**Q** 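Supplied in structure tokens, the structure appears directly below.
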Amino acid sequence: MKKITMTTPLVEMDGDEMAAILWKETKEKLILPFVDLNVDYYDLSMWNRDRTEDQVTIDSAMATKKYGVAVKCATITPNLERVQEYNLKKMWKSPNGTIRALLDGTVFRAPILIKGIEPYIKSWKEPITLARHAYGDLYRGTEMRIEAPGTCELVFTAEDGTETRELIHRFSGPGVAQGVHNLDKSIRSFARCCMSYALDVKQDLVFSAKDTISKVYDRTFREIFKEVFMNEFMEAFEHAGITYTYCLIDDAVSRAVKNPGGYVWACQNYDGDVMSDMLATAYGSAAMMTSVLVSPDGCYEYEAAHGTVRRHYYSYLEGGVASTNPLAIIMAWANALSKRGELDKNQPLMDFGRNLQDATIQTVESGIMTKDLKKVTTIPDPHVVTGLRFIEIVQKRLEEICQQTAIPAVPEDN
């Protein structure tokens, strides 16, 4: 088959550990044989981020702004242990946090639904889409180790020199302190993105926070969401027959496990990080979740929402069997290529993205899956394979689908 051409580069952000191994195999076996791939490549491995003092992460975000679509592998966010393991210059910030702050978008995460893979929560009949704010909170936080007794304050110095102070704590001994921030502009963009998405999919929107405890920070989120809804979206929601609701985060969690699903759940940055992992696992596996960052100016960054799978990586290096599920990685590539095709009006590329999704889902539904899915499948006598072997099997099925659909190699003239 002649390869499908691309007219605009796709920004590729490579990653770390087992995720990077599966990333490379996905690209070599499921993309390159079918697509004349045009990428603007960035190595976001821990080694290269340290070598470039994290400039490569900033460059990859700027490239996403330039070209509009990116696909990202899972990367390491170093803690002290990782700094020592990789002999790093410093404890670099989360690359996802850096990219999301520069793009100032919203992360939408939704489960990958496959027949025969049943969610742990039996009441779920439809997917819950998690909308995660992509700016601020812990990911742009500043931390301090307190070693001696003293007073810790939050201080704001205005441009005219006036100061506003709030006591954090009077320390009588060692402890820690942390400062986080957010911006009204970013919160407003987050609210608009969530409400626009809910209208697109015609699903109810729930926003959760903890304004009973955080009476300024979380309250600001609640009030801005209310303002945006009342002034810009209320009539459209009523016309579409959907609702917007605010509730406390603990109430939202309680509702989620009793709900049939089919709604959009908007969370602040950290809450969204935790809740999306909960949703992914409850739907079968941490790899059973699609993720896309959508910026206010229309840029899209698709990623594998799970981590780098360190334990499997070291087992793989020692010659062991790595049963890592590559579904999220494959879907990130498929969705990014589909979006690139959509923006470029390249129908063959759009079709290929959908065919890659179909080939992957059909492989699981035929009973071939990684070890993690065996625990939750209702498919009788599933055949368990490694992540690398799974990719090889998907490749054969993809070849058959592409031949059957006869994808043309060159997009038609508009």
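All figures in this text were calculated on a predicted structure; none of them were measured in a lab.
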**Q** First locate atom OH of Y283, then atom CD1 of I121, and finally report the distance between them rounded to the nearest 0.5 Å.
**A** 8.0 Å
**Q** Determine, stepwise, if the pair W265 / S208 fulfils side-chain hydrogen bond (donor to acceptor under 3.5 Å, both in side chains).
**A** CA-CA 8 Å; W265 180 8; S208 63; 2.9 Å; yes
**Q** Does Y270 have more than 12 heavy atoms from other residues, nucleotides or ligands lying within 6.0 Å of its OH?
**A** no
**Q** For residues V107 and V294, determine if any side-chain heavy atom of one lies less than 4.5 Å from a side-chain heavy atom of the other.
**A**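 Sidechains of V294 and V107: no contact.
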**Q** May I have the step-by-step check of side chain to side chain contact (heavy atoms under 4.5 Å, CB included) for S60 and L44, ending in yes or no?
**A** CA-CA 9 Å; S60 70; L44 265 58; 4.0 Å; yes
**Q** Heavy-atom count check: over 12 atoms from other residues, nucleotides or ligands less than 6.0 Å from E166 CD?
**A**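 Incorrect, the count does not exceed 12.
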**Q** Decide, yes or no, whether a salt bridge links R340 with E342 under the criterion of side-chain N to carboxylate O below 4.0 Å.
**A** no
**Q** For E235, is the CD atom crowded, meaning more than 12 foreign heavy atoms sit under 6.0 Å from it?
**A**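 Counting neighbours around CD of E235, 12 or fewer heavy atoms of other residues, nucleotides or ligands fall under 6.0 Å, so no.
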**Q** Could you check M195 against R192 for side chain to side chain contact (heavy atoms under 4.5 Å, CB included), going step by step and ending with a plain yes or no?
**A** CA-CA 5 Å; M195 292 174 193; R192 289 181 178 134; 6.0 Å; no
**Q** Give, for atom CE of M18 and atom CD1 of I329, the distance between the pair rounded to the nearest 0.5 Å.
**A** 8.5 Å
**Q** Which word best sums up how the rings of W23 and W333 line up, parallel for under 30°, tilted for 30 to 60°, or perpendicular for over 60°?
**A**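 Aromatic pair W23/W333 classed tilted.
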**Q** Does atom CZ of R145 have more than 12 heavy-atom neighbours, drawn from other residues, nucleotides or ligands, at distances under 6.0 Å?
**A**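 Yes, the 6.0 Å shell around CZ holds more than 12 heavy atoms from other groups.
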**Q** Give me the atom names and distance for the closest heavy-atom approach of R132 to F190.
**A** C-CE1, 3.8 Å
**Q** Under the ring-ring contact (aromatic ring centres under 6.0 Å, His included) rule, what do Y217 and H181 come out as? Steps first, then yes or no, please.
**A** CA-CA 8 Å; Y217 192 96; H181 77 280; 8.6 Å; no
**Q** Would you call I187 and N182 a side-chain contact if the rule is heavy atoms closer than 4.5 Å?
**A** yes
**Q** Check this for me, if you would: do D251 and R255 make a salt bridge, where the nitrogen-to-carboxylate-oxygen distance has to be below 4.0 angstrom?
**A**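 The answer is yes: the pair qualifies as a salt bridge.
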**Q** Just by distance, no angles: are the side chains of N48 and Y42 close enough, under 3.5 Å, to form a donor-acceptor pair?
**A**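 Distance-only check fails for N48 and Y42.
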**Q** Identify the two heavy atoms, one from P149 and one from S172, that lie closest to each other, and give their separation to 0.1 Å.
**A** CG-O, 3.4 Å
**Q** Check step by step if salt bridge (Lys or Arg N to Asp or Glu O under 4.0 Å) holds for K115 and E365.
**A** CA-CA 6 Å; K115 294 177 183 176; E365 291 180 347; 5.5 Å; no
**Q** So, do C247 and V206 sit near enough that their side-chain heavy atoms are less than 4.5 Å apart?
**A** yes
**Q** Check L103 against K65 and note the closest heavy-atom contact, atom names and distance.
**A**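 Shortest heavy-atom contact: CD2-CG, 3.5 Å.
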**Q** Check E227 with R188, please: is the shortest side-chain N to carboxylate O separation under 4.0 Å?
**A** yes
**Q** Can you tell me how far the CG atom of L183 sits from the OG atom of S189, to the nearest 0.5 Å?
**A**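 So the gap between those two atoms works out to 10.0 Å.
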**Q** For the residue pair H383 and M369, establish whether any side-chain heavy-atom pair is separated by less than 4.5 Å.
**A** no
**Q** Could you measure the distance from the CD atom of E25 to the CZ atom of F390? Nearest 0.5 Å is fine.
**A** 14.0 Å
**Q** Taking only Lys NZ, Arg NE, NH1 and NH2, and the carboxylate oxygens of Asp or Glu, determine whether K93 and D54 approach each other closer than 4.0 Å.
**A**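 Result for this pair is no, no salt bridge flagged.
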**Q** Return yes when atom NZ of K122 has more than 12 non-hydrogen atoms of other residues, nucleotides or ligands closer than 6.0 Å, and no otherwise.
**A**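 It does: K122 NZ has more than 12 such atoms within range.
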**Q** Taking atom types as modelled and ignoring hydrogens, do the side chains of S94 and N96 form a donor-acceptor contact shorter than 3.5 angstrom?
**A**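 No, no side-chain donor-acceptor contact under 3.5 Å.
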**Q** For the pair S254 (side chain) and D250 (backbone), establish whether a donor and an acceptor sit closer than 3.5 Å, ignoring hydrogens and angles.
**A** no
**Q** Does a salt bridge link E303 with R100, judged by any charged N lying under 4.0 Å from a carboxylate O?
**A** yes
**Q** When you check the gap from the basic side-chain N to the acidic O, do D218 and K210 get nearer than 4.0 Å?
**A**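 No, this pair does not count.
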**Q** Would the distance check show the side chain of T377 and the main-chain N or O of G116 forming a donor-acceptor pair, the cut-off being under 3.5 Å?
**A**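 Here the side-chain-to-backbone pair exists.
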**Q** For F207 and Y244, what are the C-alpha separation, side-chain angles and deciding distance, and is it a ring-ring contact (aromatic ring centres under 6.0 Å, His included)?
**A** CA-CA 8 Å; F207 170 60; Y244 163 68; 7.3 Å; no
**Q** Run the numbers on K89 and D50 for salt bridge (Lys or Arg N to Asp or Glu O under 4.0 Å), then give the verdict.
**A** CA-CA 7 Å; K89 298 172 186 175; D50 191 61; 5.1 Å; no
**Q** Is any side-chain heavy atom of Q395 less than 4.5 Å from a side-chain heavy atom of T363?
**A**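 SC-SC contact between Q395 and T363 ruled out.
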**Q** Minimum heavy-atom separation for A304 and A332, please, with both atom names.
**A** N-CB, 4.1 Å
**Q** Can you tell which of K24, R82, R49 makes a salt bridge (Lys or Arg N to Asp or Glu O under 4.0 Å) with D16?
**A** R49
**Q** How close do L30 and F352 get, heavy atom to heavy atom, and via which atoms?
**A** O-CZ, 3.1 Å
**Q** Are D204 and V264 packed together at the side-chain level, in the sense that at least one heavy-atom pair is separated by less than 4.5 angstrom?
**A**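 Sidechains of V264 and D204: no contact.
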**Q** If the plane angle is over 60° it's perpendicular, under 30° parallel, otherwise tilted; pick one for Y197 and F108.
**A** parallel
**Q** Using 0.5 Å steps for rounding, measure from the CZ atom of R389 to the CD1 atom of I368.
**A** 8.0 Å
**Q** Output yes when K27 and E12 qualify as a salt bridge under the 4.0 Å nitrogen-oxygen rule, no when they do not.
**A** yes
**Q** For Y246 and F225, run ring-ring contact (aromatic ring centres under 6.0 Å, His included): C-alpha distance rounded to whole Å, both residues' side-chain angles, the deciding distance at 0.1 Å, then the answer.
**A** CA-CA 9 Å; Y246 169 79; F225 261 74; 8.7 Å; no
**Q** Might you work through the side chain to side chain contact (heavy atoms under 4.5 Å, CB included) test for L337 and L37, ending with a clear yes or no?
**A** CA-CA 10 Å; L337 290 169; L37 193 60; 4.2 Å; yes
**Q** Donor-acceptor check, side chain of T157 to backbone of G161, threshold 3.5 angstrom: yes or no?
**A**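 Checking the backbone N and O of G161 against the side chain of T157, no donor-acceptor pair under 3.5 Å is found.
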**Q** Do the side chains of E301 and K72 get close enough for a salt bridge, i.e. N-O under 4.0 angstrom?
**A** no
**Q** Y302 ring centre to R109 NZ or CZ under 6.0 Å, with the angle to the axis within 45°?
**A** no
**Q** On a heavy-atom basis, which atom in I112 and which in A287 lie closest, and how many Å separate them?
**A**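 Where I112 meets A287 most closely, the heavy atoms are CD1-O, 3.8 Å.
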**Q** Should V39 and P9 count as side-chain neighbours, where that means a heavy-atom distance under 4.5 Å?
**A**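 Not touching, per the 4.5 Å side-chain cut-off.
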**Q** Can you find a heavy atom in the side chain of F233 that is under 4.5 Å from one in the side chain of S196?
**A**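 With C-beta onward as the side chain, the pair touches.
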**Q** Report the C-alpha separation of L138 and N269 in whole Å, then their side-chain angles, then the decisive distance to 0.1 Å, and conclude whether the side chain to side chain contact (heavy atoms under 4.5 Å, CB included) test is met.
**A** CA-CA 8 Å; L138 297 179; N269 206 343; over 6 Å; no
**Q** Does M62 have more than 12 heavy atoms from other residues, nucleotides or ligands lying within 6.0 Å of its CE?
**A** yes
**Q** Within a 6.0 Å radius of atom CE on M91, are there more than 12 heavy atoms belonging to other residues, nucleotides or ligands?
**A** yes
**Q** To the nearest 0.5 Å, what is the distance between OG1 (T290) and CG (L327)?
**A** 11.0 Å
**Q** With a sphere of 6.0 Å drawn around NZ of K185, does it hold more than 12 non-hydrogen atoms of other residues, nucleotides or ligands?
**A**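 Atom NZ in K185 is not crowded, with 12 or fewer foreign heavy atoms closer than 6.0 Å.
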